[in-house]
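I have placed the structure first, in the form of structure tokens, so that the comments after it can refer back to it.
Keep in mind that what you see is a predicted model, and the values were worked out from it rather than measured. Because only heavy atoms are used, hydrogens play no part in the values below, and waters and symmetry mates are left out as well, while side chains stay in.
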Amino acid sequence: MKIAFVGKGGSGKTTLSSLFIRHLTANEATVVAVDADINQHLGAALGLDETEAAALPAMGAHLPLIKDYLRGSNPRIPSAESMIKTTPPGEGSRLLRVGENNPVYEACARTVRLDDGEIRLMATGPFTESDLGVSCYHSKVGAVELCLNHLVDGPDEYVVVDMTAGSDSFASGMFTRFDMTFLVAEPTRKGVSVYRQYKEYARDFGVSLNVIGNKVQGQDDLDFLREEVGDDLLVTVGHSDWVRAMEKGRPIRFELLEADNRCALQTLQDAAEDSYEHRDWERYTRQMVHFHLRNAESWGNAKTGVDLATQVDPAFVLSEALALPQPS
């Protein structure tokens with residue numbers, strides 16, 4: 001399953017995504033974690049020190065390699081230079097699988113050892129001083145979107161993406177690339193404002209959205225979230241001594257996370273697994289093409305000098321039936 005964590009800055013989005021990743025690993029799921037936030041903190045939340053986190057390769061820096069690999073022998077894409085972040089796969093494209101080894105993972109992913117197993121961690125890369133005034137962060141996140149467009153995943157396989165804060169996720173079609181979106185909201189007016197934006201934007205695209213109430217301290221906080229969020233409120237999370245210790249650089253084994261918070265994480269996994277039954281690969285592919293054509297018309301054709309609509313393979317539908325090893 002492809003899972004997104006979204007929310008306003010400071011809501012606890014990265015912390016909760018890291019806890020969910022640890023929980024999945026403890027339950028023996030195969031996990032690829034992706035830090036797609038402009039503030040690259042997921043590595044630290046997963047226990048990396050500053051040096052290790054800074055050494056993570058930037059996906060954006062490897063975009064030519066990613067494009068060339070995913071293009072494969074697709075006759076509709078004559079060159080990697082003609083690909084943009086929304087380019088959909090077609091006959092001959094190479095697809096990514098969660099548990100495989102491939103050149104994209106080799107270049108862009110690093111293995112992180114957790115208490116209960118290993119994950120692959122990928123990062124878009126930070127927005128640096130050299131980017132100021134000459135590029136936007138969405139160009140870096142484009143590498144993630146392109147990989148998600150070419151990803152085939154099955155049960156007990158997870159790609160967990162810590163998204164950029166606020167409503168910036170809607171600057172492209174990436175918000176439709178997930179089986180489940182968990183929105184982290186604090187019990188405040190600002191905390192639920194991003195929820196309202198997300199709900200409105202996502203309504204027309206069938207995005208599965210559940211809210212995690214974070215920093216909930218009592219019944220009044222719970223009542224506020226229920227009033228503001230309604231049935232979208234899936235679970236709430238309160239204070240965690242385990243998280244506080246981790247943030248101080250004094251990690252405790254994950255099995256000692258508070259029982260209430262372990263139950264909350266299991267509720268998230270149950271919701272993600274339930275969403276698998278409603279997976280619609282035809283709609284997923286259709287939405288992929290929709291946003292590709294929109295991007296092509298608004299800027300892609302002019303940038304590449306190519307009619308990017310010709311990249312669309314009308315007979316191609318991404319599906320788990322394609323999740324078989326392909327020649328490299």
Side-chain angles (χ1 to χ4, degrees), residues 2 4 34 36 38 58-96 103-104 107-108 122 124-125 127-128 130-152 161 163-164 166-178 201-207 280-319 322:
K2 293 176 282 288
V34 182
I38 191 169
M59 293 179 70
H62 294 282
L63 191 55
L65 178 150
I66 293 171
K67 289 181 176 180
D68 193 58
Y69 179 77
L70 297 179
R71 180 172 66 94
S73 60
N74 187 336
R76 295 175 178 273
I77 307 174
S79 69
E81 290 74 20
S82 67
M83 295 178 72
I84 63 173
K85 63 183 181 178
T86 55
T87 296
E91 186 68 30
S93 296
R94 290 193 183 99
L95 304 177
L96 300 176
V104 174
C108 301
M122 306 172 73
T124 59
F127 195 72
T128 64
S130 63
D131 294 317
L132 295 175
V134 297
S135 65
C136 72
Y137 187 67
H138 305 115
S139 64
K140 296 180 181 291
V141 179
V144 180
E145 185 169 358
L146 192 60
C147 286
L148 290 176
N149 280 358
H150 290 75
L151 179 74
V152 180
V161 182
M163 298 280 279
T164 190
S167 57
D168 280 357
S169 305
F170 294 99
S172 72
M174 195 162 75
F175 74 98
T176 65
R177 304 295 85 204
F178 301 99
Y201 292 150
R203 183 177 292 113
D204 294 335
F205 295 95
V207 172
D280 185 342
W281 285 105
E282 290 188 0
R283 184 183 71 181
Y284 188 85
T285 304
R286 188 168 60 250
Q287 289 177 343
M288 187 190 316
V289 169
H290 168 77
F291 281 103
H292 178 63
L293 295 177
R294 284 181 57 176
N295 278 265
E297 183 177 352
S298 64
W299 62 269
N301 290 344
K303 181 176 181 179
T304 62
V306 176
D307 179 6
L308 297 177
T310 62
Q311 294 180 344
V312 176
D313 184 343
F316 184 87
V317 177
L318 196 65
S319 74
L322 302 173

*In Å and rounded to the nearest 0.5 Å, what is the CD to NE2 distance from Glu145 to His292?*
11.0 Å
_Working for side-chain contact (heavy atoms from CB on, under 4.5 Å), residues Asn149 and Thr87_ = CA-CA 8 Å; Asn149 280 358; Thr87 296; over 6 Å; no
*Where is the tightest heavy-atom contact between Val104 and Cys147, given as atom of each residue plus distance?*
CG1-SG, 4.2 Å
*Student check: side-chain heavy atoms of Val141 and Thr164 closer than 4.5 Å*: no
*asked:* Testing the basics here: between Leu322 and Leu318, what is the closest heavy-atom pair and its distance to 0.1 Å?
replied: CD1-CA, 4.1 Å
*Counting distance only, does the side-chain N/O of Asn295 pair as donor-acceptor with the main-chain N or O of Thr86 below 3.5 Å?*
no
*Do any N or O atoms from the side chain of Gln311 and from the backbone of Ser82 form a donor-acceptor pair under 3.5 angstrom?*
yes
_Could you check whether Tyr284 and Phe178 have their ring centres less than 6.0 Å apart?_
no
*Taking the side chain as C-beta and beyond, is there a heavy-atom pair between Arg71 and Ser93 under 4.5 Å?*
no
*Evaluate whether atom CZ of Arg283 has more than 12 neighbouring non-hydrogen atoms of other residues, nucleotides or ligands under 6.0 angstrom away.*
yes
*Side-chain heavy-atom pair Tyr201, Val207 within 4.5 angstrom cut-off*: no
_Side chain to side chain, Val312 and Leu293, heavy atoms closer than 4.5 Å_ = yes
*Please confirm whether the backbone N or O of Gln287 pairs with a side-chain atom of Thr176, one donor and one acceptor, at under 3.5 Å?*
no
_Considering all heavy atoms, the nearest Ala4-Met163 contact_ = CB-CG, 4.0 Å
*Lys85 (side chain) donor-acceptor with Leu146 (main chain) under 3.5 angstrom*: no
_Under a 3.5 Å distance rule, please check whether Glu282 uses its side chain to pair with a backbone N or O of Val317 as donor and acceptor._
no
_Criterion side chain to side chain contact (heavy atoms under 4.5 Å, CB included) against Pro88, the qualifying member of Met288, His290, Arg76_ = Met288
*Any side-chain heavy atom of Leu70 within less than 4.5 Å of one from Leu96?*
yes
*Angle class for the Phe291/Phe205 ring planes (parallel below 30°, perpendicular above 60°, tilted otherwise)?*
tilted
*Search all heavy atoms of Ala143 against all heavy atoms of Gly60 and return the closest pair with its distance.*
CB-N, 4.3 Å
*Considering all heavy atoms, the nearest Thr285-Phe316 contact*: CG2-O, 3.6 Å
*Give the C-alpha distance, both sets of side-chain angles, the deciding distance and a yes or no for side-chain contact (heavy atoms from CB on, under 4.5 Å) between Ser319 and Val152.*
CA-CA 7 Å; Ser319 74; Val152 180; over 6 Å; no
*Met83 versus Ile77: any side-chain heavy-atom pair under 4.5 Å?*
yes
*With distance as the sole test, does Arg94 use its side chain to make a donor-acceptor pair with the main-chain N or O of Tyr69 at under 3.5 Å?*
yes
*Would you say Asp307's side chain and Asn301's backbone share a donor-acceptor pair under 3.5 angstrom?*
no
*asked:* Just so I know, are the side chains of Pro89 and Asn74 near enough to count as touching, which here means a heavy-atom distance under 4.5 Å?
replied: no
*Tell me, with the steps shown, if His62 and Met59 meet side-chain contact (heavy atoms from CB on, under 4.5 Å).*
CA-CA 5 Å; His62 294 282; Met59 293 179 70; 6.0 Å; no
*Kindly give the heavy-atom pair with the smallest separation between Leu308 and Gly300, and that separation in Å.*
CD1-C, 3.5 Å
